[in-house]
Amino acid sequence: MKVVKFGGSSLATGNNVDKALKIIKDDPERKVIVVSAPGKRNDDDIKVTDLLITYAYASLRSNNYNDIANKIFKRYELIAQYFNLPEKELSEIKRLLLTLPQLDYPNADYRMAAFKAHGERLNAMLITKILNHQGIKTRFLEPKDVGLIVTGTPNNAEVNPETYVNLKRIKLNKDERIIFPGFYGITPSAHIATFSRGGSDITGAILARGFNADLYENFTDVDAIFSANPNIIDHPKPIKKMTYQEMRELSYAGFSVFHDEALIPAIQGEIPVNVKNTNAPEKPGTLIVPEEGFTAKKTITGIAGGKNFAALYLRKYMLNKGAGFTLKLMEIFNRHHVSYEHMPSGIDDLTVIFKKDALNDQLIDVICNEIQTSLNPDQMQWIDDYAITMVVGEGMKDKLTLCASLLYPLGKKDISIQMINQGASQISIMIGTRRKDEEAVIKTIYENFIAED
Ligand SMILES: Nc1ncnc2c1ncn2[C@@H]1O[C@H](COP(=O)(O)OP(=O)(O)O)[C@@H](O)[C@H]1O
Ligand SMILES: N[C@@H](CC(=O)OP(=O)(O)O)C(=O)O
């Protein structure tokens, strides 16, 4: 049995949905289908999830939100019309959409989560109706029906392990497909909470693990995962096969094609993941597999870049001798509920790297003031335009001189390296630069090490 997920880019129009449905019908093993909300139809379009965010704010400010609600409904109506679905089939979808502002929510965050989740919820309802209309027996199931329980914050939730116990109890009928909305779960108190953006990939992986699928197929709008972002490198080489850990590191640093958290359930359940193109399903795509039994054919598998970082540089002479410096630093972060990403250090200095969305200007000032008062560093600098480039490959493990040879062409191009860190797993090297240099780092390493390999 396969769990299949279609991203928003694969469900943006009636024509796209039709391609997705053909893929489903083509293979009886594709039994559990996770769907995202309709995505962008062209570069200037707006994803339904973003329209729902606007709707949530507009309906808080005034009663004048009909235009945005109608604009959202129109997205579903256009898809329904493509399949000649009778209009009455849409009445429930319209009602649910229009009543969102009137419902009770515990607070504004839960309210926002419920609005956002309806992008996938209504799409799953619609696609179920379309398939049944075509004579394909299909059942709509959602998190509350199967016990997909989440905890954490309402717009950045995490799956609760109880979910897997609940999923084991669900019976899948032989002659029936399941359509399941991605991106959200249900809290222990039965409220909707969403994963972080792009989180339908996570739902697919949870169901693949929970139903013990043979394969998790993730359909998107590119032929494969490429060895570099196709928006930066022209026609980058596709990756045919890679390990879970390689994918984790690449998606963390910027391969937006697959959510980095989505691999964890797949790893835990040892479910292989196949990323494929809805527009070319005959192509093999990229297969993501366990490390055991994997033989690396290339030194570097891929290179990813993330611009959305900031760093705090601290110099304190004899840092290596002074006990408690790092502990006090951690206590300050902990007091303000700030998590950090990396903390490379030397004898006299350390850099703490943050995701920018973990902080705001006020918090940065408060934290820097506390550090100055309690740790009295010899130098402290906040670097707001920090970028991380991650060079990843299982084949890097035994290449002792790789680090030096990676840096040489960057130096020749006058790119200033702020930090370099080889991961303990030895399959990644992280290069910290100023944001303006990030694309040049990716292009230089791609040209010298991937294009040639
Ligand atoms: N290394 C990469 N390989 C493939 N696609 C990438 C890569 N890095 C970024 N992308 C982008 O990710 C997009 C697919 O992700 P996304 O839009 O979230 O898909 P979906 O809507 O199917 O979830 C591609 O269209 C591409 O622009
Ligand atoms: N619709 C949600 C969740 C998601 O996964 O979407 P997509 O499959 O289009 O990346 C979002 O836009 O974040």
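Because the structure is predicted, anything quoted here is derived from the model rather than measured. Atoms within each ligand, like the ligands themselves, are counted from 1 in listed order.
- Shown here for Lys237 and Tyr446, the closest heavy-atom pair between the two residues is N-OH, 2.9 Å.
- In this structure, Glu282 places its CD atom where more than 12 heavy-atom neighbours from other residues, nucleotides or ligands lie under 6.0 Å away.
- Looking only at atom types and distance, the side chain of Glu438 has no donor-acceptor partner in the side chain of Thr433 under 3.5 Å away.
- For atom 17 (O) of ligand 1, no protein non-hydrogen atom is found at a distance below 4.0 Å.
- Salt bridge absent: Lys356 and Glu341 never bring a charged side-chain N and a carboxylate O closer than 4.0 Å.
- Contacts between Ala224 and ligand 1, counted as non-hydrogen atom pairs separated by less than 4.0 Å, involve the backbone only.
- Between Phe6 and Phe219, the ring-plane angle classifies as parallel under the 30° and 60° cut-offs.
- The closest side-chain donor-acceptor pair between Asp221 and Asn277, if any, does not fall under 3.5 angstrom.
- Gly39 does not count as a contact of ligand 1, since none of its heavy atoms falls under 4.0 Å from the ligand.
- A side-chain donor-acceptor contact under 3.5 Å links Ser59 and Arg111.
- Annotation for Ala304 and Leu250: closest pair CB-O, 3.5 Å, computed over non-hydrogen atoms.
- Protein heavy atom closest to atom 15 (O) of ligand 1, with residue, atom name and distance, is Val257 CA, 3.5 Å.
- The contact set between ligand 1 and Val222, taken as ligand atoms under 4.0 Å from a residue heavy atom, comprises 4 (C), 5 (N), 24 (C), 25 (O).
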From CA spacing to verdict: ring pair (Phe, Tyr, Trp, His ring centres under 6.0 Å), Tyr55, Phe115: CA-CA 8 Å; Tyr55 179 27; Phe115 271 69; 5.1 Å; yes
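- Close approach of ligand 1 to Ser9 is summarised as follows: ligand atoms under 4.0 Å from at least one heavy atom of the residue are 19 (O), 20 (P), 21 (O), 22 (O).
- No hydrogens or angles considered: nothing links the side chains of Asn156 and Thr153 as a donor-acceptor pair under 3.5 Å.
- When only non-hydrogen protein atoms are considered, atom 3 (N) of ligand 1 lies nearest to Phe226 N, 2.9 Å.
- Legend: side-chain hydrogen bond (donor to acceptor under 3.5 Å, both in side chains) pairs involving residues 118-132, not counting sequence neighbours, sorted by first then second residue: His118-Arg121, Glu120-Ser200, Arg121-Glu142.
- Not a single heavy atom of Gly198 sits less than 4.0 Å from an atom of ligand 1.
- Residue-level proximity to ligand 1 for Asn231 is carried by the side chain, the only part with a heavy atom below 4.0 angstrom.
- Closest to atom 23 (O) of ligand 1 among all protein heavy atoms lies Lys5 NZ, 3.3 Å.
- For atom 13 (C) of ligand 1, the closest non-hydrogen atom on the protein side is Asp221 OD1, 4.0 Å.
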Below 3.5 Å only, please: the N or O atoms of ligand 2 paired with protein N or O atoms, distance on each line.
| residue | atom | partner | partner atom | Å |
| --- | --- | --- | --- | --- |
| ligand 2 | 1 (N) | Thr49 | OG1 | 2.8 |
| ligand 2 | 1 (N) | Glu120 | OE1 | 3.2 |
| ligand 2 | 1 (N) | Glu120 | OE2 | 3.3 |
| ligand 2 | 5 (O) | Gly198 | O | 3.2 |
| ligand 2 | 5 (O) | Gly199 | N | 3.4 |
| ligand 2 | 5 (O) | Ser200 | N | 3.0 |
| ligand 2 | 5 (O) | Ser200 | OG | 3.2 |
| ligand 2 | 8 (O) | Lys5 | NZ | 3.0 |
| ligand 2 | 8 (O) | Gly8 | N | 3.3 |
| ligand 2 | 8 (O) | Ser36 | OG | 2.6 |
| ligand 2 | 9 (O) | Gly8 | N | 3.1 |
| ligand 2 | 9 (O) | Lys47 | NZ | 3.3 |
| ligand 2 | 12 (O) | Lys47 | NZ | 2.9 |
| ligand 2 | 12 (O) | Thr49 | OG1 | 3.4 |
| ligand 2 | 12 (O) | Arg197 | NH2 | 3.0 |
| ligand 2 | 13 (O) | Arg197 | NE | 2.7 |
| ligand 2 | 13 (O) | Gly198 | N | 2.8 |

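- A donor atom on one side chain and an acceptor atom on the other are found under 3.5 Å apart for Asn229 and Asn231.
- Residue Pro230 places a heavy atom less than 4.0 Å from ligand 1.
- In this structure, a donor-acceptor pair under 3.5 Å is absent between the side chains of Tyr105 and Asn107.
- For ligand 1, one of its N or O atoms has an N or O atom of Thr220 under 3.5 Å away.
- Of the listed options Ser256, Ala228, Gly302, Ser256 places a heavy atom closest to atom 9 (C) of ligand 1.
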